[in-house]
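I have placed the structure first, in the form of structure tokens, so that the comments after it can refer back to it.
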Amino acid sequence: MEKELEILKLADYSEYFELNGASAYLIVNKNIVDHPCMFGFVSLPDDFGTAHSLFEQIEDKARKLGYKDIVGPLNYTTWMSYRWAISNFETKLMPDCDNPPYYIDFIKRLGYRELYTYRSAQVKIDNPLYHLSKKAYEAKLKDGFTFKLFREKEAYSVAKDIYNISLDAFAGSYLYSEISYDYFEQVYLEWTHKLDLVMYVAYNPAGEAIGFVMGYPTPDGKYFVSKTSAVRKAYQKHKIYTALLYLGSKYIQDQGFSDILYHFQCEQRSTFQRFAARFESNEKRYAVFIKDLT
């Protein structure tokens, strides 16, 4: 967490609050147009009275700063770890939200409601989309697109491409804000160095990197996690992601996995979709919360 706190140097305003073993930051990021005022980096004991008093202080300061609502837990931007688990707390993924269930009880009692929800779930590789995606991949090859696999340390050689694709793809997304490449490399990528990264990158006929999928097996070998994917806006809805999905799924299947764990999918995004129940299992859900301060 100390490493992540470096991101607050980019905030327009941040203030640390602490009370009887509870703590949190009030953070302002004016680049997030709809909800620039947030709370994050929260630690709460199992005592609602303490949580209530802490959040009273945070919310009073937010009002004095002129904000009409507050969202969280959000650690400056969605480049960083954020949100709280709201179900299946016993399942531990990587990365994950390790809050206990009472955090959710407390935040709702404090008058917060779910703003955006997210889910993780295991999906069988042998599903209808996988078979359709093979055809999309073959069609993109005929159109002159290429795809390259990067593994483990080699994946970091395309970090700048991944950063640039992400900036383009995620601009305007919920609670998203750009960070510099230095922070992306030094802070955001820090947690990935313990993982055996697998990255497929898509290139247009001119050789420009236009999309990627990234995942990794968990250290215990129990899951293969599909963590992040992005395609430049100019190439979205052109089946580039579908082709990447095929390659990633085939790679995972070749490694002996029968499932992919799709991690942290935002349920409010227009591209979000569930598979039929027979293809899914072990769902875990998360949320970011909002409170009206007027």
Side-chain angles (χ1 to χ4, degrees), residues 1-17 23-43 58 65 67 70-84 93-99 116 118 150 152-199 201 208-216 225-233 263-266 269 286 288:
M1 174 131 107
E2 289 302 317
K3 187 74 171 179
E4 286 192 16
L5 287 171
E6 287 288 312
I7 204 71
L8 295 183
K9 293 178 181 178
L10 301 179
D12 294 293
Y13 177 88
S14 67
E15 183 174 349
Y16 179 66
F17 291 80
S23 62
Y25 279 84
L26 174 66
I27 306 161
V28 174
N29 178 357
K30 294 179 181 177
N31 290 322
I32 299 179
V33 177
D34 293 335
H35 305 292
C37 183
M38 59 201 77
F39 67 87
F41 297 105
V42 181
S43 179
I58 293 170
L65 292 172
Y67 292 100
I70 184 170
V71 301
L74 190 71
N75 299 344
Y76 174 78
T77 170
T78 56
W79 282 103
M80 305 303 298
S81 62
Y82 67 101
R83 74 213 128 191
W84 279 335
L93 306 175
M94 181 180 284
D96 211 351
C97 306
D98 294 324
N99 58 285
Y116 301 126
Y118 306 79
F150 298 88
E152 300 175 0
K153 291 183 179 180
E154 187 183 21
Y156 296 98
S157 69
V158 290
K160 193 64 176 286
D161 287 333
I162 300 313
Y163 171 79
N164 289 327
I165 292 168
S166 298
L167 290 188
D168 182 273
F170 297 135
S173 296
Y174 303 121
L175 303 177
Y176 172 83
S177 176
E178 180 179 333
I179 63 173
S180 70
Y181 179 71
D182 285 344
Y183 275 86
F184 170 76
E185 187 176 41
Q186 297 170 23
V187 181
Y188 182 79
L189 290 183
E190 181 71 18
W191 66 273
T192 67
H193 289 286
K194 299 177 182 178
L195 303 171
D196 296 328
L197 292 183
V198 176
M199 184 96 63
V201 180
E208 177 189 16
I210 59 168
F212 72 92
V213 291
M214 184 269 279
Y216 47 85
V225 177
S226 175
K227 174 60 178 68
T228 307
S229 61
V231 175
R232 287 183 177 272
K233 284 185 168 58
H263 203 15
F264 290 152
Q265 297 175 299
C266 181
R269 291 191 67 180
Y286 310 82
V288 168

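The chain is numbered in sequence order, starting from 1.
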- Verdict with reasoning, Arg232 to Asn164, per side-chain contact (heavy atoms from CB on, under 4.5 Å): CA-CA 9 Å; Arg232 287 183 177 272; Asn164 289 327; 3.6 Å; yes
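- In plain terms, the two heavy atoms of Met38 and Asn29 that are nearest each other are CE-CB, 4.0 Å.
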- Query: So Thr192 and Tyr216, side chain to side chain donor-acceptor pair (under 3.5 Å) or not? Walk me through it.
  - Reply: CA-CA 9 Å; Thr192 67; Tyr216 47 85; over 6 Å; no
- Task: Take Thr228 and Phe264 through the test side-chain contact (heavy atoms from CB on, under 4.5 Å) and record every step on the way to the result.
- Result: CA-CA 9 Å; Thr228 307; Phe264 290 152; over 6 Å; no
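- Note: His35 and Tyr116 have perpendicular aromatic rings, judged against thresholds of 30 and 60 degrees for the angle between ring planes.
- The two residues Tyr286 and Cys97 come nearest to each other via the heavy atoms CD2-SG, 3.8 Å.
- Ring-plane geometry between Phe41 and Tyr25 is classed as perpendicular, the angle between the planes exceeding 60 degrees on a 0 to 90 degree scale with a lower cut at 30.
- With Ser177 contributing its side chain and Thr77 its backbone, the two residues share no donor-acceptor pair below 3.5 Å.
- Applying the side chain to side chain donor-acceptor pair (under 3.5 Å) criterion to Lys9, with sequence neighbours excluded, gives Glu6.
- Residues passing the ring-ring contact (aromatic ring centres under 6.0 Å, His included) test with Phe17, sequence neighbours excluded: none.
- Residues Gly72 and Phe39 approach most closely at C-CZ, 3.3 Å, considering heavy atoms.
- Closest of all the heavy-atom pairs between Pro36 and Val33 is CD-O, 3.7 Å.
- Distance check: Ser226 OG to Gln265 CD gives 7.5 Å after rounding to the nearest 0.5 Å.
- Under the 3.5 Å distance criterion, the side-chain polar atoms of Asp161 are left unmatched by any main-chain donor or acceptor of Ala209.
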- Could you go step by step and tell me if Ile58 and Ile70 meet the side-chain contact (heavy atoms from CB on, under 4.5 Å) rule? CA-CA 9 Å; Ile58 293 170; Ile70 184 170; 3.8 Å; yes
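- A 4.5 Å side-chain heavy-atom check between Val187 and Ile179 finds every atom pair outside the cut-off.
- Side-chain contact between Met214 and Ile162 is absent, with no heavy-atom pair separated by less than 4.5 Å.
- Counting heavy atoms from C-beta on, the side chains of Ile27 and Leu74 never come closer than 4.5 Å.
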N/O donor-acceptor pairs under 3.5 Å from side chains in residues 168-175, not counting sequence neighbours:
{"from": "Asp168", "atom 1": "OD1", "to": "Lys233", "atom 2": "N", "distance (Å)": "2.7"}
{"from": "Ser173", "atom 1": "OG", "to": "Phe170", "atom 2": "O", "distance (Å)": "2.9"}
{"from": "Tyr174", "atom 1": "OH", "to": "Gln268", "atom 2": "O", "distance (Å)": "3.0"}

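- The closest side-chain donor-acceptor pair between Tyr76 and Ser14, if any, does not fall under 3.5 angstrom.
- The CD atom of Gln186 lies 7.5 Å from the OG atom of Ser180; values are rounded to the nearest 0.5 Å.
- Contact of the Glu185 side chain with the Tyr163 side chain is not registered, since no non-hydrogen atoms from C-beta on lie closer than 4.5 Å.
- Counting all heavy atoms, side chain and backbone alike, Met80 lies closest to Asn75 at CG-O, 3.7 Å.
- The aromatic rings of Tyr176 and Trp79 lie tilted to each other, with the angle between the two planes from 30° to 60°.
- Relative to the six-membered ring of Tyr181, Lys160 meets both conditions, a distance below 6.0 Å and an angle of at most 45° to the axis.
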- Take Lys3 and Trp191 through the side-chain contact (heavy atoms from CB on, under 4.5 Å) test and state the conclusion after the steps. CA-CA 10 Å; Lys3 187 74 171 179; Trp191 66 273; over 6 Å; no
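- Within the 4.5 Å cutoff, no side-chain heavy atoms of Val71 are placed close to those of Asp34.
- Ala159 and Leu189 make their closest contact through CB-CD1, 4.2 Å (heavy atoms, listed as atom of the first residue, atom of the second, distance).
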